[in-house]
Visitor: 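Encoded as structure tokens, here's the structure I'll be asking about.
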Amino acid sequence: MADVLDLQGIRKSYPSGAGEIDVLHGIDLRLQRGEFAALIGPSGSGKSTLLNLIGLLDRPSAGRLCIDGDETSTLPEAAITRLRGQRIGFVFQHHLLISAFTALENVMMPLLVDRGRPDAAMRARATELLAGVGLADRAEHPASKLSGGQQQRVAIARALAMRPALVLADEPTGNLDTHTADDIFALLREVNRREGTSFLIVTHDPRLAARCDRIIELVDGRIVSDRPNPAD
Amino acid sequence: MHPWLPFEWIAATRFLREGRTQSLLIIVGVGVGVAVIVFMSALLSGLQANLVKRTLSSQAHLVLLPPEEIARPQGSGGQALVQRQAQRLRSIDQWQALRGRLEKMPEIATVSPVAAGPAFAVRGDANKSITLIGIEPAQYVRVIELDQKIVGGQLRVNAGDVVIGTELARELGAGVGDKLRVNAGNGATDTLTITGLFDLGNKTANARNVYVGLRAAQSLLDLVGGVSHIDLGLHDMYAAEALAQRLHGETGLVADSWIKTNAQFFTALTSQRISSNVIRFFVGLSVAFGIASVLVVSVVQRAREIGILRAMGASRGQVLRTFLLQGGIVGLLGSLLGSALAALFLSLWRMLAVTPDGQPLFIIEVPGALVLIAAGGATLVGILAALMPARRAAALDPVVAIRG
Ligand SMILES: Nc1ncnc2c1ncn2[C@@H]1O[C@H](COP(=O)(O)OP(=O)(O)OP(=O)(O)O)[C@@H](O)[C@H]1O
Ligand SMILES: [Mg+2]
């Protein structure tokens, strides 16, 4: 089976003043099914930029990017959007729920935009996912009325709605206190073990990175180290 | 979430409901605009219908007259009438045959031959100048609703009967059942019995018009077997002028349409219509700007949410439609509110605009069609106004929006 993720020579540069600035200088990276990897590095090293490329929110300036075996650089916009919706889940630092909807409806949202209309199966799946993140009793709460930790749990449930092959999390615990951060991290780990979903998690917290299977370190747009985590 | 609603509808209505204050304000704004348009349109069409009705209460859509013997100065329908009265009355040639042809024409509803001419009404010492009008009542009332205007007695013009206006009755001190002598100038005289009184809503007509049977008028006016003109009622009264020109070409008769005889009135109507269209356009424009500005703000406020929707796989098209729908919904709800407001204004207006004796000046309603047009128009304006903000929302770069 193809790797969940296969990057070859990924470059990203942004126009800046007269010339261009290179943010990523040729990234090669593979991620296998079920891997639980941390992406660490100093601020400004390009972690979020890389995650956005992998998440198909942005396009690389050069290089090959395969998701689940599909080469993406030649795909048109509409196909990219569909691929993103179906194969990739996002968890952001700022939970980014949609405040006009309830917790349950937020979890349903990826299914809703994919199929176009709500149905009972969608609702059942979202209910099950909410229960899985321990929020069964908050299903009908407006998203904006939940605590930060609860919102992040809803966001995780939402990221899993389409049974994506890969979940990308950009500092998912960056906004939470230590205790809540530990809970959220444990939840990601549990989903990974139970569903076999691959995770790529950006974090600044060495304690959390230490709990991943693999640690990838990015400095100045280059991978300077990529090692399995012996501690785990 | 209703199971049968597509994502775009659900998102559009939720977004509008969440931004409650903004949504309400703009819906009220649209409502006021629509109310102005609906009220104004209803008022104008009521006014117009009323004026047309008054004009046509004593006038046929089209009148056919014998050809002029002297060249008629241009555009002087009224003057020509005066000149004609000074001449000896002439009949329309072979009017019976013409009548048969006219009755077969699909655009003509009614053909009413009339023998009319100047005469005097004499009663005691009083001697009044009148227009003696000989009619076939069954035909005539379908052109001019004389039967609706009878205020005393009945519309009966058999031999020896005469129907006169309330004003003439007052001047002569005569009533239903009284005798009236009619003197047609050339010595022909007849004594008739007043069988009915009418009120055409026009003082001159009430004083001058005197109705008798067609035969009675023919013999009094020395027009035996002839008619002085033919009144026509049309299915489409606004087609009168075109038909008049055609009939003039085909028959050589003088054909006067009510449109030409009331040219000034029509010029006024047209300029009124133009100015109300200008007002409509600018109200529509300001409604569009209002909706657009609210949606532009909403797109900025929701940039992150739009970004996350895009990250979750929502297409540009779905985002675009979500915002177009918001514009459409605001337009539709605003127009319904506006129609309700207009109905309220109209009922107020009805209470205020009354004659001294408490009768409404004229009848105005908000027609159903106008409400539908306003709803459709406002919805369309809403969608068009939403176009720019919706395209912005669809074009948002999710990376930028989420980082925002
Ligand atoms: N749209 C852009 N235009 C220009 N430069 C950009 C753009 N996005 C990112 N950069 C630059 O790319 C570099 C990497 O940014 P990125 O956000 O990927 O860093 P990061 O590793 O996620 O940092 P942090 O840990 O602070 O989140 C930074 O120098 C940033 O200024
Ligand atoms: Mg970052």
Side-chain angles (χ1 to χ4, degrees), chain A residues 12 14 48-49 51-53 55-59 77-102 104-123 126 142-144 155 158-159 161-162 164 168 170, chain B residues 1-24 294-295 297-323 325-326 329-330 391 393-404:
Chain A
K12 182 67 182 177
Y14 290 108
S48 297
T49 304
L51 223 59
N52 288 338
L53 292 179
L56 305 176
L57 291 172
D58 208 350
R59 299 258 197 165
E77 154 104 24
I80 289 276
T81 301
R82 208 171 316 121
L83 195 62
R84 175 169 69 225
Q86 291 172 352
R87 309 283 177 83
I88 295 168
F90 291 93
V91 180
F92 297 95
Q93 177 176 1
H94 307 280
H95 12 79
L96 295 179
L97 299 183
I98 299 176
S99 57
F101 292 89
T102 64
L104 186 75
E105 290 165 347
N106 267 278
V107 178
M108 288 170 69
M109 201 56 69
L111 297 157
L112 181 59
V113 297
D114 183 57
R115 315 233 166 108
R117 281 164 207 268
D119 61 40
M122 248 177 233
R123 184 166 279 272
S144 53
R158 180 177 68 187
M162 293 289 288
L168 302 172
D170 197 345
Chain B
M1 286 192 200
H2 294 287
W4 36 269
L5 282 180
F7 161 77
E8 290 88 339
W9 272 96
I10 296 171
T13 50
R14 287 297 179 89
F15 284 172
L16 285 175
R17 242 197 284 165
E18 196 187 26
R20 201 166 288 126
T21 319
Q22 283 174 26
S23 307
L24 244 116
V294 163
L295 286 178
V297 171
S298 161
V299 169
V300 171
Q301 284 174 337
R302 295 193 184 282
R304 276 172 158 240
E305 297 191 340
I306 294 165
I308 195 80
L309 279 170
R310 298 274 289 121
M312 284 188 298
S315 65
R316 286 188 196 283
Q318 284 176 314
V319 172
L320 183 82
R321 289 191 293 274
T322 298
F323 280 86
L325 263 175
Q326 290 183 61
I329 291 169
V330 164
R391 285 166 77 148
L396 272 183
D397 178 353
V399 174
V400 176
I402 291 167
R403 196 177 45 214

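All chains are named by letter (A, B, ...) in the order of the sequence lines, taking the proteins before the strands, and each is independently numbered beginning at 1.
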Visitor: Do you know the tightest heavy-atom contact between A:N52 and B:V399?
Guide: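 Closest approach of A:N52 to B:V399, heavy atoms only: ND2-CG1, 3.4 Å.
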Visitor: Run the side chain to side chain contact (heavy atoms under 4.5 Å, CB included) test on A:D170 and B:R403 for me, step by step, so that the C-alpha distance in whole Å, both residues' side-chain angles and the decisive distance to 0.1 Å come before the verdict.
Guide: CA-CA 11 Å; A:D170 197 345; B:R403 196 177 45 214; over 6 Å; no
Visitor: Let me know if A:Q86 has heavy atoms under 4.5 Å from chain B in its side chain, its backbone, both or neither.
Guide: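 Neither; nothing under 4.5 Å.
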Visitor: Can you find a heavy atom in the side chain of B:L5 that is under 4.5 Å from one in the side chain of A:R117?
Guide: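 When only atoms from C-beta onward are counted, A:R117 and B:L5 do not touch, as no gap falls below 4.5 Å.
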Visitor: Taking side chain to side chain contact (heavy atoms under 4.5 Å, CB included) as the criterion, tell me which of A:M109, A:H94, A:R158 meets it with B:I308.
Guide: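 Running side chain to side chain contact (heavy atoms under 4.5 Å, CB included) over A:M109, A:H94, A:R158 with B:I308 returns exactly one hit, A:R158.
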Visitor: So do B:F15 and A:I98 actually touch side chain to side chain, heavy atoms under 4.5 Å?
Guide: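 Result yes, sub-4.5 Å side-chain heavy-atom pair found.
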Visitor: Got A:T81 and B:R310 here, is their nearest side-chain heavy-atom distance under 4.5 Å?
Guide: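 SC-SC contact between A:T81 and B:R310 confirmed.
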Visitor: How many angstroms lie between CG in A:D58 and CG in B:D397, if you round to the nearest 0.5 Å?
Guide: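 Between A:D58 CG and B:D397 CG, I get 6.0 Å after rounding to 0.5 Å.
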Visitor: Should we count CZ of B:R316 as having more than 12 external heavy atoms under 6.0 Å?
Guide: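 Check passes, neighbour count above 12.
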Visitor: Could you go step by step and tell me if B:M312 and A:M162 meet the side chain to side chain contact (heavy atoms under 4.5 Å, CB included) rule?
Guide: CA-CA 9 Å; B:M312 284 188 298; A:M162 293 289 288; over 6 Å; no
Visitor: If we only count heavy atoms from C-beta on, is the B:F7 to A:R115 side-chain gap below 4.5 Å?
Guide: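 The answer is no, as the side chains (C-beta and beyond) never meet within the 4.5 Å cut-off.
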Visitor: Step by step, work out the side chain to side chain contact (heavy atoms under 4.5 Å, CB included) result for B:I402 and A:F90.
Guide: CA-CA 11 Å; B:I402 291 167; A:F90 291 93; over 6 Å; no
Visitor: Roughly how far apart are B:E8 CD and A:L112 CG, rounded to 0.5 Å?
Guide: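 Spacing of CD (B:E8) from CG (A:L112) equals 8.5 Å.
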Visitor: Return the option, out of A:S99, A:P164, A:A161, A:G116, with the maximum number of heavy-atom pairs under 4.5 Å with chain B.
Guide: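 Top option by heavy-atom pairs under 4.5 Å: A:S99.
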Visitor: Determine whether a donor-acceptor pair (N or O, by modelled atom type, separation under 3.5 Å) exists between the side chain of A:R84 and the backbone of B:G313.
Guide: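 Side chain of A:R84 to backbone of B:G313, a donor-acceptor pair under 3.5 Å: no, none is there.
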Visitor: Is B:E305 close to chain A through its backbone or its side chain, or both, or neither, when contacts mean heavy atoms under 4.5 Å?
Guide: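 Both parts, backbone and side chain.
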Visitor: Against chain A, work out which of B:A311, B:P398, B:A314, B:S315 has the most heavy-atom pairs shorter than 4.5 Å and name it.
Guide: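 If we count pairs closer than 4.5 Å to chain A, B:A311 comes out on top.
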Visitor: Indicate yes or no: at least one non-hydrogen side-chain atom of A:F101 is less than 4.5 angstrom from one of B:I10.
Guide: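 Touching, per the 4.5 Å side-chain cut-off.
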